[in-house]
Amino acid sequence: MKNAIVIQHVGFEDAGHLAPLLRERGYRITTYRPPADEVWSIDPLHVDLLVILGGPMSANDHGHDPAIADELRLACVAGERGIPLLGICLGAQIIALAQGGKVAPMPAREIGMAPLRLTDAGRDSPLHHLAGDQPVLHWHGEAIALPPHVERLAETDACPVQAFRVGTRILGLQFHIETELHRLREWTEGHAGEVRESGVDAVALQEAGRRQADAARDLCRRILGEWLDALPA
């Protein structure tokens, strides 16, 4: 059985729709919840897939947050050793730093359900399933600047790097394709300060999530399932 390590920063920001996809493909999932769980103790020799999920902290906190520093080191090692890496939101930002990119605050947070635009590389990637106008969940306040060797896959007006990849083994997503959208009340309550500061209508967002929940689940299965199936055996 293959080992998937999932790093989860917030209780309600879990692997969501990704978890059954991994189990269907024969992965044993071990979840680390820093700082209670020590990321530094993860042995890369026993990792077949590393997943770093989202959270309200910054990837730039590695200078003073030991847990983020440990995640950044692990992402660097995984990249060097060819261990498949999936990063979502904060996780994508950590991977971008590990690849030599930069992360900086946006003028305003991007929160809500909205479509994105694919680049040519994105249309030739598992994200091709997003070629229509299917909305996805955006919830981030920092943006990524990529180094030259990393392919940009998607964008929005507010955020030029919504997704990126390095070969077939590394995929970073700023948006939340894994989220079970019928649970958005947990998000709006758990991140109530961000919702209030951003002027987001929490009830309207929850209702939009409920309307899109089934379509978003199927979209996640198609996109991340295709990415997982293309990983080297």
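Values reported hereafter were calculated over all heavy atoms of this structure, with side chains retained and with hydrogens, waters and symmetry mates removed.
- Residues meeting the side chain to side chain contact (heavy atoms under 4.5 Å, CB included) test with R25, sequence neighbours left out: L21, Y27, L228, D229.
- Scanning for salt bridge (charged side-chain N to carboxylate O under 4.0 Å, His left out) contacts around R222 gives an empty result, with sequence neighbours left out.
- Every residue two or more places apart in sequence or in another chain that forms a side chain to side chain donor-acceptor pair (under 3.5 Å) with T188 is listed here: Q206.
- Between the side chain of H138 and the backbone N or O of F175 there is no donor-acceptor pair closer than 3.5 Å.
- Residue H46 holds its NE2 atom at 12.0 Å from OG1 of T30, rounded to the nearest 0.5 Å.
- Sorted by first and then second residue, the salt bridge (Lys or Arg N to Asp or Glu O under 4.0 Å) pairs involving residues 66-90 (not counting sequence neighbours) are D70-R73.
- With rounding to the nearest 0.5 Å, the separation of CD in E180 from SG in C220 is 9.5 Å.
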- Task: Show your working on side-chain contact (heavy atoms from CB on, under 4.5 Å) between R109 and H191 and close with a plain yes or no.
- Result: CA-CA 12 Å; R109 293 186 184 91; H191 295 312; over 6 Å; no
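- Here the side chain of W227 pairs a donor or acceptor atom with the backbone of T168 at under 3.5 angstrom.
- Taking the side chain as every heavy atom from C-beta outward, L50 and I7 approach each other to under 4.5 Å.
- When side chains are defined from C-beta on, Y32 counts as touching S41, because their heavy atoms get closer than 4.5 Å.
- Between Q212 and Q134, the closest side-chain pair of non-hydrogen atoms falls below 4.5 Å.
- Residues passing the salt bridge (charged side-chain N to carboxylate O under 4.0 Å, His left out) test with D43, sequence neighbours excluded: none.
- In the hydrophobic clustering (ILVMFWY side chains linked at under 4.5 Å, chained through shared members), L205 is joined by V10, F12, I111, M113, L137, W139, L181, L184, W187, V195, V200.
- In this view, D37 satisfies the salt bridge (charged side-chain N to carboxylate O under 4.0 Å, His left out) rule with no residue, not counting sequence neighbours.
- Put simply, the side chain of V161 does not reach to within 4.5 Å of the side chain of V150, judged on heavy atoms.
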Result block: side-chain N/O donor-acceptor pairs under 3.5 angstrom for residues 84-100, not counting sequence neighbours:
{"residue": "Q93", "atom": "NE2", "partner": "Q174", "partner atom": "OE1", "Å": "3.0"}
{"residue": "Q99", "atom": "OE1", "partner": "H149", "partner atom": "NE2", "Å": "2.7"}

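- Distance check, rounded to the nearest 0.5 Å: CZ of R185 to CZ of R183 gives 13.5 Å.
- With sequence neighbours left out, the side chain to side chain contact (heavy atoms under 4.5 Å, CB included) criterion links T119 to A121, R152.
- With a 4.5 Å cut-off on side-chain heavy atoms, L224 and L171 count as touching.
- Using a 4.5 Å heavy-atom cutoff, the side chains of Q8 and E13 are not in contact.
- Atom CG of D218 sits about 7.0 Å away from atom CG of D214, to the nearest 0.5 Å.
- For R28, the side chain to side chain contact (heavy atoms under 4.5 Å, CB included) partners are M1, N3, not counting sequence neighbours.
- Separation of atoms CG (L22) and CG (L49) is listed at 6.0 Å; rounding is to 0.5 Å.
- With L116 as the fixed residue, the side chain to side chain contact (heavy atoms under 4.5 Å, CB included) test singles out one of L130, L127, L153: L130.
- Here the side chain of H9 pairs a donor or acceptor atom with the backbone of L53 at under 3.5 angstrom.
- Annotation: salt bridge (Lys or Arg N to Asp or Glu O under 4.0 Å) contacts involving residues 137-149, sequence neighbours excluded, are absent.
- V77 places none of its side-chain heavy atoms less than 4.5 Å from the side chain of V47.
- Remark: A145 engages K102 in a side chain to side chain contact (heavy atoms under 4.5 Å, CB included) (not counting sequence neighbours).
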